[in-house]
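Okay, so here's the structure we're looking at.
All residue numbers in this chain count up from 1 along the given sequence.
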Amino acid sequence: DMSLGPARHHPWHTLSGEEMRQRQVEKLAAYLRGVVLPNSDFYRGHFARAGFDPSSLRSMADLQRIPMCSKEDFASPEAVRRYILAPDPEALARRPATVMRALMNGREQVRQELEEEFRPLMMTSTTGRSADPVPFFYTARDLEILAITGERVMRVCGASPGQKMMNVFPFAPHLAFWITHYAGVAFGAMMVSTGGGKAIGTDGNLRMLRKFQPEVLIGVPTYLYHLLSAAVEEGMQLPMLKKIVLGGEKAPAGMKRKLAEYADLLGAPAAEILCCYGFTEAKMAWGECPHPAESEASGYHLSPELALVEVIDPDTGEPVAEETPGEIVFTPLEARGSVVIRYRTGDLISGGLSWRPCPYCGRNVPRLEGEISRRSEIREMRLEKLRGALVDFNILEHLLDDCEQLQSWQLELRKRNDDPHDLDELVLHVQCRYGCREEDVIAELDHLLPTRLEVRANRIVFHNDAGMRILHGVDRELKEARIVDRRPTTASRTKGEVHV
């Protein structure tokens, strides 16, 4: 089956890339005219100020006339409410289409249909590490889409309904947990959701692993890393484990490789390590298909009839060519509840957007290829020999994950002497892999960081496994803290330390 799974529409996977793009433009124009503008005072004014009329949408090039939005547009509760579709009963009553439906079906039935279509039923929110959490609302239609896209992730990852699955995402109003829950229900799979370490602790998750013996394990990469590390320490065996599916944060190649090594030690040498990509504002996620361990992943398989994804130059905002790096921009094509049009994610994709069929599974859908990183993770630091240096923490994370001698790590940013006007310090907390010597780790890091990033750690502090779990906030945080900014900035003075 080369399709993505259940869909109510024409099988888009039979179309060429050009036909698919044109179909997306037509669907977006109809969606904006028929759903968004009639039910959103904000978007009517927003588009009018930009001089944009959805009826003028003819091609992908016309998308550039639609104003974009970003996280900065959700800075207050009032701003968040602007993006929720909310029908005006009086305005709807005057629309010819509504009058015709009322004449045919009765006013009460039409009222109930509209209420069911637009009433919010569920909320998820951003994790709020460096800012207040931002809520996004789901209607019955959105929950249906959540289940469809979740089931598609299962299909793309090569799972089967007969497999036992264990979901260790934390219990929270968080997309990763809820799409996994709805995916399991829609897919018809047996799934146990433990709530992660914050709910039953690592010990509770280890007991569940031992008793349940899952074939598919799903969770945040850093927590799964700690969990499988603890399972290895206990001498556990998980011979039934076939897949480890990662979501909720980035999973560099080094992290995937280390998880595969743990799976091998747990008696599951053939376990596949697969990633998913999603974000709160999309209210959906996408998966990558199985691929040879020695080969690069083919990318995140998108749902073209449910969302239009662009890749733009992050500096100019202009579209880039296919399979060219850039920033991901998202637009839903069927959403209700909270709706973001041409949303700039701030996520950079190294391989761009590909419209070629997947080389592994053959699915004919667009794919986001390569590594995803955060544009905001390029930080300015006032280091002693590099005044005002720009440090790309995305690259730094990849370097540390790929370091063979490191078991685990945390980056801590400080000010020397805790003086806000003094120079920045980079403190690297590390745990050595078994059999590695501290002096060898120091020598490798002292060579690696200046060579690749022209920075050097001011201090390297060694910890055992228990110490690293405390630093990462295992069993306390929704996501483990791998980069901690303790510099006394405005943000940290008002909110405490900033985790990334």
Side-chain angles (χ1 to χ4, degrees), residues 127 166-170 176-177 180 194-206 208-210 214 216-238 241-269 271-276 293 297 371-372 394 396-411 428-436 441 462-484 499-500:
T127 52
M166 183 168 159
N167 169 17
V168 298
F169 281 123
F177 173 82
T180 303
T194 70
K198 199 170 182 181
I200 62 173
T202 297
D203 289 341
N205 280 280
L206 288 172
M208 186 62 72
L209 274 176
R210 185 181 296 105
V216 180
L217 185 59
I218 310 168
V220 178
T222 46
Y223 182 70
L224 286 177
Y225 181 81
H226 283 294
L227 181 62
L228 296 185
S229 170
V232 169
E233 287 179 13
E234 289 198 3
M236 191 182 298
Q237 287 292 287
L238 301 173
L241 189 61
K242 302 293 190 299
K243 297 178 189 294
I244 299 175
V245 182
L246 312 174
E249 66 181 23
K250 293 177 295 186
M255 170 66 78
K256 294 171 73 173
R257 187 184 65 250
K258 291 175 181 178
L259 287 170
E261 291 173 359
Y262 276 144
D264 190 7
L265 294 171
L266 292 166
E272 296 166 331
I273 316 296
L274 303 170
C275 290
C276 298
E371 300 276 2
I372 290 177
N394 293 299
L396 188 50
E397 284 188 73
H398 288 302
L399 288 177
L400 294 172
D401 275 324
D402 286 337
C403 183
E404 291 286 351
Q405 298 194 75
L406 290 187
Q407 178 88 346
S408 188
W409 56 267
Q410 183 189 73
L411 283 170
L428 185 53
H429 300 272
V430 300
Q431 176 189 1
C432 295
R433 299 193 77 178
Y434 181 76
C436 295
V441 171
F462 291 88
H463 302 267
N464 59 18
D465 186 66
M468 288 305 300
R469 288 173 190 244
I470 292 172
L471 286 177
H472 280 164
V474 175
D475 298 343
R476 299 195 321 272
E477 303 286 347
L478 292 180
K479 295 180 182 179
E480 282 63 60
R482 303 238 285 172
I483 301 177
V484 180
H499 301 288
V500 180

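One finds the OG atom of S229 at 11.0 Å from the NZ atom of K258 (value rounded to the nearest 0.5 Å). For the atom pair CD1 of I218 and CZ of F169, the computed distance is 7.5 Å after rounding to the nearest 0.5 Å. Between the CG atom in D264 and the CG atom in L228 there is a gap of 12.0 Å [rounded to 0.5 Å]. Interatomic distance, Q410 CD to I483 CD1, rounded to the nearest 0.5 Å: 9.5 Å. Summarising the geometry, atom CG belonging to L259 is positioned 10.5 Å from atom CG belonging to L227; distances are rounded to the nearest 0.5 Å. Atom CD1 in I244 sits 11.5 Å away from atom NZ in K256 (nearest 0.5 Å).
Scanning all heavy atoms of the two residues, the minimum distance from W409 to E397 falls at CH2-CG, 3.6 Å. A253 approaches E371 most closely through the heavy-atom pair N-OE2, 3.9 Å. Contact record, V484 with A481: CG2-CB, 3.9 Å, taken as the closest heavy-atom pair.
K242 meets the salt bridge (charged side-chain N to carboxylate O under 4.0 Å, His left out) test with no other residue; sequence neighbours excluded. In this structure H429 satisfies the ring pair (Phe, Tyr, Trp, His ring centres under 6.0 Å) test together with H463, sequence neighbours excluded. Applying the salt bridge (charged side-chain N to carboxylate O under 4.0 Å, His left out) criterion to D475, with sequence neighbours excluded, gives no partner residue. Taking the side-chain hydrogen bond (donor to acceptor under 3.5 Å, both in side chains) definition, one finds that E261 meets it with R433, sequence neighbours left out. Residues passing the side chain to side chain contact (heavy atoms under 4.5 Å, CB included) test with H226, sequence neighbours excluded: S408, R469, H472, V474, E480. D203 is linked by a salt bridge (charged side-chain N to carboxylate O under 4.0 Å, His left out) to nothing, counting only residues two or more places apart in sequence or in another chain. With sequence neighbours left out, the side-chain hydrogen bond (donor to acceptor under 3.5 Å, both in side chains) criterion links K243 to E272. Every residue meeting the side chain to side chain contact (heavy atoms under 4.5 Å, CB included) condition with P214, not counting sequence neighbours, appears here in chain and number order: M166, L209, F212. Judged as a salt bridge (charged side-chain N to carboxylate O under 4.0 Å, His left out), and not counting sequence neighbours, the contacts of D402 are R257. With sequence neighbours excluded, the residues forming a side-chain hydrogen bond (donor to acceptor under 3.5 Å, both in side chains) with N205 are T194, Y223, listed by chain and number. With sequence neighbours excluded, the residues forming a ring pair (Phe, Tyr, Trp, His ring centres under 6.0 Å) with F177 are F171, listed by chain and number.
Between R482 and D401, at least one side-chain nitrogen of the basic residue sits less than 4.0 Å from a carboxylate oxygen of the acidic one, meeting the salt-bridge criterion. With salt bridges taken as basic N to acidic carboxylate O contacts below 4.0 Å, one links E234 and R210.
Panel note: side chain Q237, backbone L265; a donor-acceptor pair is recorded below 3.5 Å. The backbone N or O of V220 sits nowhere less than 3.5 Å from a side-chain atom of E249 that would complete a donor-acceptor pair.
Contacts classified as salt bridge (charged side-chain N to carboxylate O under 4.0 Å, His left out) and involving residues 217-233 (residues at least two apart or in different chains) are not found.
The shortest distance between side-chain heavy atoms of L400 and L411 falls below 4.5 Å.
Here the rule is side chain to side chain contact (heavy atoms under 4.5 Å, CB included) with V168, and of L224, T202, T180 only L224 fits it.
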